[in-house]
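Let me begin by presenting the structure, written as structure tokens, before commenting on it.
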Amino acid sequence: MGMAVTLIVSAVLLVSGFGIDALSYDYTTHVECLSKPEEAQYKGGIVENPELNDGLKGWLAFGSAKIEHREEANGNKFIVARARNHPFDAFSQTLHLRTNLIYTFSGWVQVDEGKADVVAIIKTRTGYVHVAVTTAQSNCWSFLKGGLTVSESGPAELYFQSNNTMVEIWVDSVSLQPFTQEQWKAHQDQAIEKYRKRVVKIQAIDREGNPLSNATISLLQRRPGFHVGCAINQNILNNSPYQNWFLSRFTTTTFENEMKWYSTERTQGHVDYSVPDAMIQFTKQHNIAVRGHNIFWDDETYQQGWLKSLSKNDLFRAVRKRLDSVMAKYRGQVIAWDVENENLHFDFFERKLGSAASGMFYNWAMKRDGSIPLFMNDYNTIEYSGDAASSPAKYLQKLDSIRRYSGNSGGRFAIGLESHFGPSPNIPYMRSAIDTLGSAGVPIWLTEVDVSNSPNQAQDLEQVLREGFAHPKVNGIVIWSAWSPSGCYRMCLTDNNFNNLATGNVVDKLLKEWGIKTSITATTDANGFFEASLFHGDYEMHIAHPSVTNSSLNAHKFSVLAAQEQESPLLVHVEV
């Protein structure tokens, strides 16, 4: 007796058990400068008079600024700080914040002339928290988005700041919305269900079309649809325990240092790819996807001595040779390239070759291999709200300048976020920053995830990984925990015997929770059906039934894709 299998994939969102009555999170962001601000998100949350429709009620002068209420010709009302002598001279509102809540912030800002960075800050009894920052312009309104948690409950002052004391600060549609921990987790669960999974319906029938009840279905995820990887280094090449630990968990990696220019050309003209070649051979053998890291690093600290001594013309020839060499060498063997590392914080190549060096590098890279994403890669864009050099707005400005470089339109650009977090990560700021970056419409990866050592390191890591995996705009995650006998960069997942540390246990728990390389066994109902919500990925299926001889020996492979990639139901018939 033979058997057929029908597989139906639908785009139904499962919401049971997720507290769907809880306040939803608003992922909306704006990068365009508007003639009129939109309404305050969450109707302002706990902010009094958020849209300034009631004069200056709730708002006070901060510092020595003079404040006033104004109205534009279109009827929009807003607050103004003028006659500013110090960066902090502006206006403020006193709020009461609680330690057990998570706050998301938004507002609209403008300056009266030119451009200036404007920061929203919360002042508590224990210090100052940078909540959000953007570059405000004159004659239009810019959106500001961020978030925070506080270390103690009590009164706090929300105020705005700009280092440019010559400008007036205009603000409107301000919101500070609290969420409970349970609501925040519900947002993550709902997003995972919607953006990382699909409902799969399998029916087992015989050759006559009759349903087979009580058939045993075994599903094994062979490859996840969402990349969760871990960095490796050359120590893995001759270390079986390291290999076994890594291969049992991950299908994606980045080489820690081995592809970097200072590793492959220590002496000018002597290019040595032997180590990364061996690592590529290892990853190929085990079907591991590799992110290319990196072609250039803009930090002068990491340039070879011979490179720093070159004339402008010789440096130009050297960088062109470097890019052509490494991209040709590994074309078809990497899934992406970090073309330029940390060019928001550093400018070695821009100082030597001109301000358009970044755009030029990406232009060369597009021509050498335009088939894969070409990443910027930098830190503190989502980790720390107080680093103005790499704020989401500054990241997007740099990316835009690269895209506008002559010949770069249509390039496959991407956003790399190193994600080196300190203790007690600001998770609401992380979410809001990714919201803003998502407006670029390009792939986003968390490329070097770790958290600094602290008593809560494992818990902090779990928060970061959960937020990254759940965010609809994130396409992949790489953990920065390549192992060395002397220790890891900042965070190890195992000891030197490859027994998990607390951080490794967190990773294992999440990999299992996210269905990565996991198996499911179930039984069909009276009508031959089995239904489950499966994570995106490639699966192998076996079906066994007492009436079918050796049916379980026949494997069927299928893929569960995101809804936008697979709109119609997937119907597969398998005869055994």
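Excluded from the calculations below are hydrogen atoms, water molecules and symmetry mates; all remaining heavy atoms, backbone and side chain alike, are included. In what follows, residues are counted from 1 in the order of the sequence shown.
Between Asp299 and Thr301, the side chains place a donor N or O and an acceptor N or O closer than 3.5 Å (distance only, hydrogens not considered). Looking at Tyr242 and Asn496, their side chains never bring a donor and an acceptor atom within 3.5 Å of each other. Donor-acceptor pairing under 3.5 Å is lacking for the side chains of Asn505 and Lys509. Side-chain atoms of Ser385 and Asn426 include no donor-acceptor pair closer than 3.5 Å. Between the side chains of Tyr302 and Asn294, not a single donor N or O lies within less than 3.5 Å of an accepting N or O. Inspection of the Asn497 and Asp495 side chains reveals no N or O donor paired with an N or O acceptor under 3.5 Å. Side-chain contact annotation: His227 with Arg291, donor-acceptor N/O pair under 3.5 Å absent. Side-chain N/O atoms of Thr503 and Gln457 include no donor and acceptor closer than 3.5 Å. Under the 3.5 Å distance criterion, with hydrogens and angles disregarded, a donor-acceptor pair is assigned to the side chains of Glu448 and Asn377.
Between Tyr405 and Ser358, the closest side-chain pair of non-hydrogen atoms is not below 4.5 Å.
Ring pair Trp306/His270: centre-to-centre distance not below 6.0 Å. No close placement of the Phe535 and Phe226 rings is indicated, their centers lying 6.0 Å or farther apart. You'll find the ring centres of His286 and Phe246 outside the 6.0 Å limit. Here His471 and Tyr27 bring their ring centres to under 6.0 angstrom of each other.
Rounded to the nearest 0.5 Å, atoms CE (Met360) and CG (Asn408) are 11.0 Å apart.
With sequence neighbours excluded, the residues that form a ring pair (Phe, Tyr, Trp, His ring centres under 6.0 Å) with Phe296 are Trp261, Phe349, Phe361. For Arg466, the salt bridge (charged side-chain N to carboxylate O under 4.0 Å, His left out) test picks out Glu462, Glu513, with sequence neighbours left out.
With hydrogens and angles ignored, the 3.5 Å screen pairs no side-chain donor or acceptor of Thr252 with any backbone N or O of Ala289. Side-chain atoms of Ser439 come within 3.5 Å of backbone N or O of Thr436 as a donor-acceptor pair. At distances below 3.5 Å, at least one donor-acceptor pair connects side-chain atoms of Arg198 with backbone N or O atoms of Leu561. A distance-only check finds no donor-acceptor pair linking the side chain of Arg368 to the backbone of Arg331 [under 3.5 Å]. Distance alone, capped at 3.5 Å, is enough to place a donor-acceptor pair between the Glu265 side chain and the Gly269 backbone. Side chain of Arg412 to backbone of Ser371: a donor-acceptor contact under 3.5 angstrom is found.
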Pair Asp538-Lys557, salt bridge (charged side-chain N to carboxylate O under 4.0 Å, His left out): steps then yes or no: CA-CA 7 Å; Asp538 298 333; Lys557 297 179 181 179; over 6 Å; no
Working for ring-ring contact (aromatic ring centres under 6.0 Å, His included), residues Trp483 and Phe498: CA-CA 9 Å; Trp483 174 85; Phe498 297 96; 4.8 Å; yes
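More than 12 heavy atoms of other residues, nucleotides or ligands shown are found within 6.0 angstrom of CD on Glu258.
In plain terms, the two heavy atoms of Asp378 and Leu344 that are nearest each other are OD2-N, 2.8 Å. Between His542 and Ala555, the shortest heavy-atom contact is CE1-CB, 3.4 Å.
Arg403 forms no cation-pi arrangement with Phe413, by the criterion of a distance under 6.0 Å to the ring centre and an angle within 45° of the ring axis. For the pair Arg490 and Trp480, the NZ or CZ position fails the cation-pi test of under 6.0 Å to the six-membered ring centre and within 45 degrees of the ring normal.
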